[in-house]
Amino acid sequence: MSTIEKNVPGTRELADLVREQEEELAHLRARLAEWERTYDATPQRDALFSTSSGAEVRPLYTELDREGSDPGNDLSLPGEFPFTRGPYPTMYRTRLWTMRQFAGFATAEETNERYKYLLAHGQTGLSVAFDFPTLMGYDADHARSLGEVGVCGVAISSLDDMERLFVGIPLDQVSVSMTINGPAIILFCFYVAAAERQGISAEVLRGTVQNDILKEYQAQHAWVFPPEPALRCIIDMFEWCSENTPNYNPISISGYHIREAGSTAVQELAFTLRNGFEYVERGIARGLDVDSFAPRLSFFFDIHNDFFEEIAKLRAARRIWARRMRDVYGAKKPESWRLRTHAQTAGVSLTAQQAENNIVRVAYQAMAAALGGTQSLHTNSMDETLALPTEKAVRIALRTQQVLAFESGVTNTIDPLAGSYYVESLTDLLEREALDMFDEIDALGGVVPAIEQGWFQGEIAASAMRQQREIESGGRVVVGVNHFMEGSEKIEIDRLKIDESVERLQVARMAELRASRDSARVDQTLAALRHASSGAQNLVPAILDCARASCTLYEIRHAMEEVFGSYKEPVFF
Amino acid sequence: MSESIRKIRVLVAKPGLDGHDRGAKVIAAAFRDAGFEVIYTGLHQTPEMIVSAAVQEDVDVVAMSVLSGAHLTLFPRVKALLDDAGADHVLLTGGGIISEDDMAALDEQGIGKLFGPGTPTTAAIDYIREWFSTHEAV
């Protein structure tokens with residue numbers, strides 16, 4: 001049923017219409033059969049005609065592929081249930097996606113300079129990349145941090161570091177995304193306390209903390225605590241944020257890392273959404289009203305090479321989320337049904353060989369993200385397979401988004417590929433396959449049991465191996481790597497190198513901090529946190545107190561770990 | 001010429017805090033398919049843990065995957081610990097996001113060949129086989 005029908009026809013006219021339509025379809029079928037004969041009689045290229053997920057792609061899609069489809073229910077209009085055509089009614093006609101480049105390296109001061117550079121070049125949001133010690137909850141002066149401080153991101157071990165990171169950047173005006181998971185609740189508290197020091201109250205903060213631990217067990221592996229206490233921390237944040245930071249997303253449910261670890265587009269879609277529903281179920285089990293936290297759940301998808309499959313993936317994701325949130329979890333607010341997402345081009349698709357070609361890959365992927373209706377976007381820099389990106393490479397990546405947004409014309413109309421026989425068929429296919437995978441996960445006992453059995457990890461590793469074999473056999477073409485290799489030998493890209501002095505400086509700073517703070521207050525707030533951890537109360541206030549008392553990241557982590565224990569992965573390959 | 005009948009034993013190791021193990025798992029599976037005996041350490045290993053596993057499992061090769069940029073710290077550390085443990089006959093090789101300059105610097109410190117992004121798994125397999133055949137003969 002069309003929602004924009006103006007005249008309702010009578011029964012007789014309706015019968016005539018149906019007959020006419022049937023005749024047209026019969027005619028089309030006959031012509032298609034003829035076309036197929038021509039097609040079969042013509043030689044075809046020796047190539048892999050399938051999506052990246054392995055689904056067959058037919059040479060032609062027609063109206064016949066849409067028979068039995070229900071555009072009124074499946075597509076609707078942008079900003080309307082089930083949001084296939086976009087989460088907002090006016091999309092890029094009102095506001096372009098947020099251009100948000102993920103950045104962080106060395107010290108807080110150096111990263112702060114990069115943020116100011118990006119903002120000066122027209123970036124509209126910030127995204128913090130932490131170093132590995134921070135991601136794992138270790139201080140810069142911890143033995144396990146040796147050699148890794150400030151190398152892959154910025155080192156943030158205390159509230160002081162967080163404060164330095166945002167000097168001169170008003171946190172009530174810029175939205176900040178933080179990629180942190182295992183110790184997310186701690187870094188979030190550093191952030192709220194840093195805003196306090198700027199004189200900004202929590203309720204005006206806009207931004208996102210990734211805080212998606214399930215995909216860490218499945219794919220990226222930056223965990224701290226075992227699943228149950230880790231999930232408790234996440235639900236504590238849902239609860240605290242719904243009351244104190246109404247404009248802040250306490251989670252970004254992420255397919256990105258699942259995909260980068262080797263999954264197919266279908267697995268990325270299914271695992272990510274199923275993880276999302278797990279969080280919803282945990283929130284409901286806590287006794288929270290689903291509509292109190294669901295509107296602030298946000299998503300993060302990878303945008304890989306297969307152009308149409310990626311567009312279809314984002315459209316299918318919105319539809320699946322909306323339907324289940326309403327029909328399975330009983331959400332009543334449209335904001336709870338609406339899937340909003342960040343997107344990033346696929347790091348794993350970049351090649352070290354002929355690295356300049358990556359600019360082109362990123363541009364196509366970025367266009368797919370825009371056609372899929374993303375709310376924010378990071379475009380990778382061409383040199384990321386070699387090292388952290390240089391300023392020049394980051395600027396080209398940002399300019400790629402600006403060319404797309406302001407020159408290509410794809411932002412002029414909303415969901416321009418709607419109604420495409422192929423894109424709609426692919427959207428339906430991805431939805432069906434994702435639902436099948438939900439059943440598979442449920443048969444294993446749910447998300448956490450499937451993690452404990454190593455199921456996700458095994459599925460992802462098998463897909464990665466399959467792709468590697470396709471590339472090594474030459475069946476899947478990677479330009480500059482297994483085909484068109486002339487000129488691949490020499491790498492002529494400037495590289496950003498992190499000096500060892502960064503580690504020395506951070507270690508010295510930690511010593512200063514430990515010497516200058518009120519140690520009685522440190523002990524007292526940590527004891528209160530241990531106590532709160534063994535009870536059932538919300539942990540955010542206790543961790544905020546620790547942050548304000550200049551407890552370090554590892555001290556806070558350790559206090560919680562004493563109660564929660566740590567996670568041991570099931571090892572296999 | 002005596003043909004070796006013993007399988008090549010390889011410890012695939014993931015040192016440091018980085019959890020990106022796609023490469024480590026792919027190479028471990030490729031080594032196994034190539035007929036090597038493969039032991040995988042799992043994630044977040046210290047150099048001490050890796051060397052202890054190498055000695056305990058009596059491996060011929062330690063292959064480390066390092067994507068975190070900490071390779072200039074981790075490779076020499078593992079090499080020194082292997083030497084200390086009397087396991088200087090073990091080949092220490094690996095791969096990851098490692099620049100050619102850094103590869104050259106590590107080569108000078110007695111680390112085996114390192115492989116960058118986009119290397120086919122067969123390149124590492126051939127290298128290990130060749131190394132093994134020359135070192136078995138000695």
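Order of the sequence lines fixes the chain letters, A, B, ..., with proteins taken first and strands second; residue numbering starts at 1 for each chain.
Closest approach of A:Cys152 and B:Ser68 over heavy atoms only: SG-O, 3.2 Å. Shown here for B:Thr121 and A:Glu472, the closest heavy-atom pair between the two residues is N-OE2, 2.6 Å. The two residues A:Arg259 and B:Arg22 come nearest to each other via the heavy atoms O-NH1, 3.8 Å. Contact detail for B:Thr119 and A:Gln468: the closest heavy-atom pair is O-NE2, 4.2 Å. Closest approach of B:Asp33 and A:Arg469 over heavy atoms only: OD2-NH2, 2.7 Å.
Identified by a heavy-atom distance below 4.5 Å to chain A, the contributing residues of residues 103-117 of chain B are B:Pro117, in residue-number order.
Distance check, rounded to the nearest 0.5 Å: NZ of B:Lys25 to CD1 of A:Ile460 gives 8.0 Å.
Residue A:Gln220 touches chain B through both its backbone and its side chain, counting heavy-atom pairs closer than 4.5 Å. Neither the backbone nor the side chain of B:Glu48 comes within less than 4.5 Å of any heavy atom in chain A.
Of the listed residues (B:Asp21, B:Leu74, B:Leu67, B:Thr122), the one with the most heavy-atom contacts under 4.5 Å to chain A is B:Asp21. Among A:Pro133, A:Ala261, A:Gly147, the residue with the largest count of heavy-atom pairs under 4.5 Å with chain B is A:Ala261.
By the ring pair (Phe, Tyr, Trp, His ring centres under 6.0 Å) test, A:His378 pairs with no residue at all, sequence neighbours left out.
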